[in-house]
Amino acid sequence: MSGNLEMFTTRMRKATRKIHSISDAVVNAKFAISLGDETVWGGGLFVFYHIFGYLEDAKERLKMSDFDKLFTHEILFRKAAFEQDLDHYLGNEWRSLPKSLSLENYLEHLQDLEKENPKLLLAYVYHLYLGLLSGGQILAKKRRMFGEKNTSPSTYVDKVTDFGTTDISQLKNDFRQSMNEIAEKMSEDEQNAFIEESNRVFLMNNLIVNSVGGQNKVLYSLLYKASAICLVVAGVIIALRMHK
């Protein structure tokens, strides 16, 4: 691989660093206090299912060689895994749940790209699937470690973040290499447009993450539990002082 090919992914990383950092902060803030709440987790899966599902369906519709190239391994396909997780967390009726306005706008934007400049959909494929292989794995580990309902040996294993025995590091390397090889065929203007769209990926991700409900419920629950513990401790302290 030439230096120019390596520089394209580096350029993307640098150009999206600021919004990417904000996106990471948004995701962590939204889900850190909700690791043990299945409804909130399911809500996050729900919004991203529609995006991942759209991209995988678009690959089949478009029959573009670059799409085939970027999906370097069949294990990257996550639509069925999302559906299994959603059945578990939200029940069999999750398909009838309403979409938020931000999710509808996201999907409409993807539809516009598919009609006008389908190659830019690859920006969404690259960043979303790479994110699942990176931050998604971290979130999955946190859920296993800290999730209140994830302490039993028979606990349900999230399918969307489970890649079995696949070497994740190698999968990410292959994924980046494919992206670089695709970029080699782009003009400078096309590369710039791709990087501009990459920033939009993170912005739109932030909007749909913010649309996920239920975090306040979890926060209030945690505060209620903390308050109850404080009252118990205070009661014990008062009782001890009275009996001195």
Side-chain angles (χ1 to χ4, degrees), residues 1-24 27 48-79 81-82 106-107 109-140 160-161 163-164 166-206 208-209:
M1 185 185 301
S2 70
N4 287 337
L5 294 183
E6 293 175 340
M7 286 178 60
F8 182 70
T9 50
T10 301
R11 283 177 59 197
M12 280 203 296
R13 186 172 66 251
K14 290 179 178 178
T16 61
R17 183 175 292 159
K18 185 175 181 179
I19 187 65
H20 193 173
S21 296
I22 293 172
S23 185
D24 285 345
V27 171
F48 280 106
Y49 161 76
H50 288 87
I51 307 305
F52 278 79
Y54 185 94
L55 294 171
E56 291 180 17
D57 291 344
K59 174 186 178 299
E60 298 305 313
R61 288 192 297 269
L62 293 168
K63 306 295 184 185
M64 290 173 56
S65 59
D66 286 340
F67 260 89
D68 295 333
K69 187 177 187 64
L70 194 53
F71 280 90
T72 55
H73 195 294
E74 62 181 9
I75 202 169
L76 283 171
F77 293 99
R78 296 282 96 186
K79 184 178 179 181
F82 267 105
Y106 199 143
L107 292 170
H109 179 66
L110 295 181
Q111 291 167 5
D112 290 342
L113 287 181
E114 185 174 352
K115 294 175 185 175
E116 299 165 9
N117 194 347
K119 198 163 190 174
L120 288 180
L121 288 176
L122 293 176
Y124 293 83
V125 174
Y126 178 75
H127 293 294
L128 283 165
Y129 286 79
L130 190 60
L132 188 60
L133 294 170
S134 300
Q137 297 300 303
I138 294 172
L139 278 176
V160 74
T161 52
F163 289 84
T166 302
D167 185 333
I168 299 294
S169 295
Q170 185 61 51
L171 189 58
K172 291 196 304 188
N173 287 339
D174 292 344
F175 196 60
R176 292 190 184 100
Q177 180 177 339
S178 294
M179 183 69 256
N180 284 324
E181 291 173 359
I182 291 168
E184 186 179 33
K185 299 179 295 181
M186 296 181 190
S187 67
E188 185 66 21
D189 287 344
E190 288 174 329
Q191 288 188 2
N192 290 336
F194 198 97
I195 290 173
E196 181 180 349
E197 194 66 37
S198 294
N199 277 294
R200 191 172 289 111
V201 173
F202 292 107
L203 175 61
M204 299 188 79
N205 287 348
N206 292 348
I208 62 171
V209 168

Point-to-point distance, once rounded to the nearest 0.5 Å, from CG of Asp174 to CE of Met179: 14.5 Å
Indicate whether the side chain of Ser23 and that of Asn206 have a donor and an acceptor atom separated by less than 3.5 Å. yes
Kindly determine whether Asp189 and Met186 satisfy side chain to side chain contact (heavy atoms under 4.5 Å, CB included), including the steps that lead there. CA-CA 8 Å; Asp189 287 344; Met186 296 181 190; over 6 Å; no
Of all pairs that satisfy salt bridge (charged side-chain N to carboxylate O under 4.0 Å, His left out), the ones with a partner from residues 115-129, not counting sequence neighbours: Asp66-Lys119
Shortest non-hydrogen separation from Phe194 to Leu122 and the atoms involved: CZ-C, 3.6 Å
Only one of Met64, Lys69, Lys63 clears side chain to side chain contact (heavy atoms under 4.5 Å, CB included) with Phe67; which? Met64
I'd like to know if the side chain of Glu197 and the backbone of Leu121 have a donor-acceptor N/O pair within less than 3.5 Å. no
Under 3.5 Å, is there a donor-acceptor pair between the side chain of Thr166 and the main chain of Phe163? yes
Taking side chain as C-beta onward, heavy atoms only, is Ile51 less than 4.5 Å from Ile208? yes
Please check: side-chain N/O of Asn117 versus main-chain N/O of Leu113, any donor-acceptor pairing under 3.5 Å? no
Heavy-atom donor-acceptor pair, Glu190 side chain to Ser187 backbone, under 3.5 Å: yes
Assess whether side-chain hydrogen bond (donor to acceptor under 3.5 Å, both in side chains) is satisfied between Tyr54 and Glu114, documenting all intermediate values. CA-CA 10 Å; Tyr54 185 94; Glu114 185 174 352; 2.4 Å; yes
Working to the nearest 0.5 angstrom, can you tell me the gap between Leu128 CG and Leu130 CG? 10.0 Å
Determine the interplanar angle of the Phe48 and Phe52 rings, folded into 0 to 90°, and report it as parallel if under 30°, tilted if 30 to 60°, perpendicular if over 60°. perpendicular
When rounded to the nearest 0.5 angstrom, what distance separates CD in Glu60 from CG in Leu55? 12.5 Å
Charged N-O contact under 4.0 Å between Asp57 and Lys79: yes
Ser198 and Thr16: which non-hydrogen atoms are nearest, and at how many Å? CB-CG2, 3.7 Å
Over all heavy atoms of both residues, which pair between Leu171 and Leu133 is shortest? Give the atoms and the distance, please. CD2-CD2, 3.7 Å
Minimum-distance pair of heavy atoms, taken over all atoms of Ala15 and Asn199: O-OD1, 3.2 Å
Which heavy atom of Leu203 sits nearest a heavy atom of Ile19, and at what distance? N-CG1, 4.0 Å
Quick one about His73 and Gln170 (side-chain donor to acceptor, distance below 3.5 Å, no hydrogens or angles considered), yes or no? no
Ser169: partners by side-chain contact (heavy atoms from CB on, under 4.5 Å), with sequence neighbours left out: Asp167
Please confirm whether Arg13 makes a cation-pi placement over Phe202, using NZ or CZ under 6.0 Å from the six-membered ring centre and within 45° of the ring normal. no
Measuring from Asn173:CG to Ser178:OG, what's the distance to the nearest 0.5 Å? 11.0 Å
If you round to the nearest 0.5 Å, how far is CD1 of Ile182 from OG of Ser65? 8.0 Å
Under 3.5 Å, is there a donor on one side chain and an acceptor on the other for Arg200 and Asn205? no
May I ask you to decide if the ring planes of Phe175 and Tyr129 are parallel, tilted or perpendicular, using 30° and 60° as cut-offs? tilted
With a 4.0 Å cut-off on N to O distance, would you call Lys59 and Glu56 a salt bridge? no
Find out whether Asn192 and Arg11 are in side-chain contact, i.e. whether some heavy atom of one side chain is under 4.5 Å from a heavy atom of the other. yes
With side chains defined as the heavy atoms from C-beta onward, is the minimum distance between Tyr126 and Met12 less than 4.5 Å? yes
